[in-house]
There are 2 protein chains.
Amino acid sequence: MRNTDSIIRRAEKLCASRGTRLTKKRKYVLTGLLESDKALSAYELIDVCKEKYDEDIPAMSVYRILEFLQSEYLVHKLNTASKYASCANIDDDKVGCYSQFLICRSCSKVKEVGLKPSMMAELQATVQDASFKLVNPQLEMNCLCEDCV
Amino acid sequence: MRNTDSIIRRAEKLCASRGTRLTKKRKYVLTGLLESDKALSAYELIDVCKEKYDEDIPAMSVYRILEFLQSEYLVHKLNTASKYASCANIDDDKVGCYSQFLICRSCSKVKEVGLKPSMMAELQATVQDASFKLVNPQLEMNCLCEDCV
DNA sequence: AATTTGGATGTTATAATGTAACATCAGCTC
DNA sequence: GAGCTGATGTTACATTATAACATCCAAATT
């Protein structure tokens with residue numbers, strides 16, 4: 001059971017402990033993502049903030065806020081979709097573990113699944129065999145959700 | 001040893017056998033990708049075709065050509081990078097097998113590696129457990145190559 | 001050879017995503 | 001209150017991509 005308020009409070013504490021601030025607008029953006037089961041684009045978040053909080057946030061600010069939230073491990077960027085989703089694990093302590101994202105190509109619904117260490121190890125191995133270095137082990141899978149099949 | 005000419009000839013035969021044509025401009029675009037170890041954007045391909053073949057191809061056409069080459073399984077789109085790469089296996093018979101792409105985030109160098117069936121099966125399983133349906137099992141890994149580390 | 005016809009390409013306009021550079025504001029410390 | 005720092009605003013623009021419509025070209029048919 002993800003309760004937005006309690007997650008936000010937790011996020012505030014996380015930020016405080018790192019010497020950063022979860023400002024009002026940052027809260028709006030994060031809440032927008034928390035209350036959506038779909039990944040949202042920066043511009044969709046502008047609309048959400050306008051509609052739900054009557055708050056005008058310029059695109060540039062939304063991008064900066066998203067960057068901040070990513071640096072605090074509160075939000076993921078889904079590169080294949082150019083959209084953003086809140087981390088599934090803000091409310092527990094698995095912060096920072098590697099994830100597999102199932103993304104509906106039709107409606108952007110997202111599910112985040114933890115990756116088995118054995119899987120990660122195997123993917124890592126191929127990377128190292130090829131003399132590459134893995135920067136971000138996030139897996140994004142191009143899917144269709146139940147409703148969109 | 002990837003010999004561009006022989007791959008192009010092979011690609012022509014593939015197209016012919018499917019009732020499509022590998023036209024001059026399609027050949028230029030494919031050759032551009034074949035002769036690059038880096039993924040290229042549509043607009044970079046425009047420049048390559050201009051410089052190497054003195055051929056002006058408008059952006060719209062390049063996008064259409066890339067779409068065609070993808071439909072013929074000759075080219076991949078790397079969604080995380082918004083760039084394109086020729087398939088590693090045009091020159092053998094492993095066409096269409098699932099791939100893991102190692103992409104250098106700094107210089108766009110790409111290596112394509114076949115995915116072990118056991119890995120694929122496991123990823124598939126998580127997808128199905130979540131009631132999603134996998135559309136395209138291409139894995140893109142955000143890396144740094146040897147030169148860019 | 002002329003005609004037809006469908007696929008390939010060209011043109012123009014525009015949408016969507018994202019960033020650079022610089023200005024301003026708000027809250028904290030002294 | 002003055003000054004500092006981080007957050008936000010503003011403007012302009014770059015990059016990636018597609019829609020809609022026009023034209024061209026090459027192979028098939030007459």
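- Residue Lys25(A) places at least one side-chain N or O closer than 4.0 Å to OP1 or OP2 of dG9(D).
- Here Lys24(A) does not reach the OP1 or OP2 of dT8(D): none of its side-chain N or O atoms lies under 4.0 Å away.
- Ring orientation note: the planes of Tyr63(A) and Tyr84(A) are nearly perpendicular, at an angle over 60° on the 30°/60° scale.
- Distance Leu69(B) CG to dA8(C) C1': 13 Å, rounded to the nearest Å.
- Contacts with DNA chain D (heavy atom under 4.0 Å) in residues 44-60 of chain A: Pro58(A), Met60(A), listed by number.
- Between the base of dA15(C) and the side chain of Tyr43(A) there is no donor-acceptor pair shorter than 3.5 Å.
- Atom C1' of nucleotide dT15(D) and atom OH of Tyr84(B) are separated by 12 Å, given to the nearest angstrom.
- The shortest non-hydrogen separation linking Tyr53(B) to Gly32(B) is OH-N, 4.4 Å.
- Note: CD (Glu72(A)) to P (dG6(D)) measures 14 Å, nearest angstrom.
- In this structure, Arg18(A) atom CZ and dG6(D) atom C1' are separated by 18 Å, rounded to whole Å.
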Q) Could you write nucleotides 21-26 of chain D as a row of B, S and -, 5' to 3', where a protein heavy atom under 4.0 Å of any base atom gives B, of only sugar-phosphate atoms gives S, and otherwise -? A) -----S
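- Residues Phe68(A) and Arg21(A) come closest through the heavy atom pair CZ-O, 3.6 Å.
- Minimum interatomic distance between Leu40(A) and Leu45(A) (heavy atoms only, all atoms of both residues): CD1-CD2, 3.8 Å.
- A distance-only check finds no donor-acceptor pair linking the side chain of Ser36(A) to the backbone of Leu33(A) [under 3.5 Å].
- The two atoms that bring Glu140(A) and Leu78(A) nearest to each other are OE1-C, 3.5 Å, heavy atoms only.
- Note on Ser82(A): a side-chain N or O is less than 4.0 Å away from OP1 or OP2 of dG18(C).
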Q: Take Gln100(A) and Met119(A) through the test side chain to side chain contact (heavy atoms under 4.5 Å, CB included) and record every step on the way to the result.
A: CA-CA 11 Å; Gln100(A) 181 183 358; Met119(A) 291 282 289; 5.8 Å; no
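- With rounding to whole Å, Leu66(B) atom CG is found 15 Å from dT15(D) atom C1'.
- When Arg10(B), Arg18(B), Lys13(B) are each tested for a salt bridge (Lys or Arg N to Asp or Glu O under 4.0 Å) with Glu72(B), only one passes: Arg18(B).
- Looking at heavy-atom distances under 4.0 Å, Ser41(A) makes contact with sugar-phosphate atoms alone, never a base.
- As a whole-Å value, the separation of Glu67(A) CD from dA20(C) C1' is 13 Å.
- More than 12 heavy atoms of other residues, nucleotides or ligands shown are found within 6.0 angstrom of CD on Gln70(B).
- A sub-4.0 Å separation between OP1 or OP2 of dA8(C) and a side-chain N or O of Thr23(B) is absent.
- One interatomic measurement links the two molecules: OH of Tyr63(B) to C1' of dA15(C), which rounds to 12 Å at whole-angstrom precision.
- Rounded to whole Å, the distance from CZ on Phe68(B) to C1' on dT18(D) is 20 Å.
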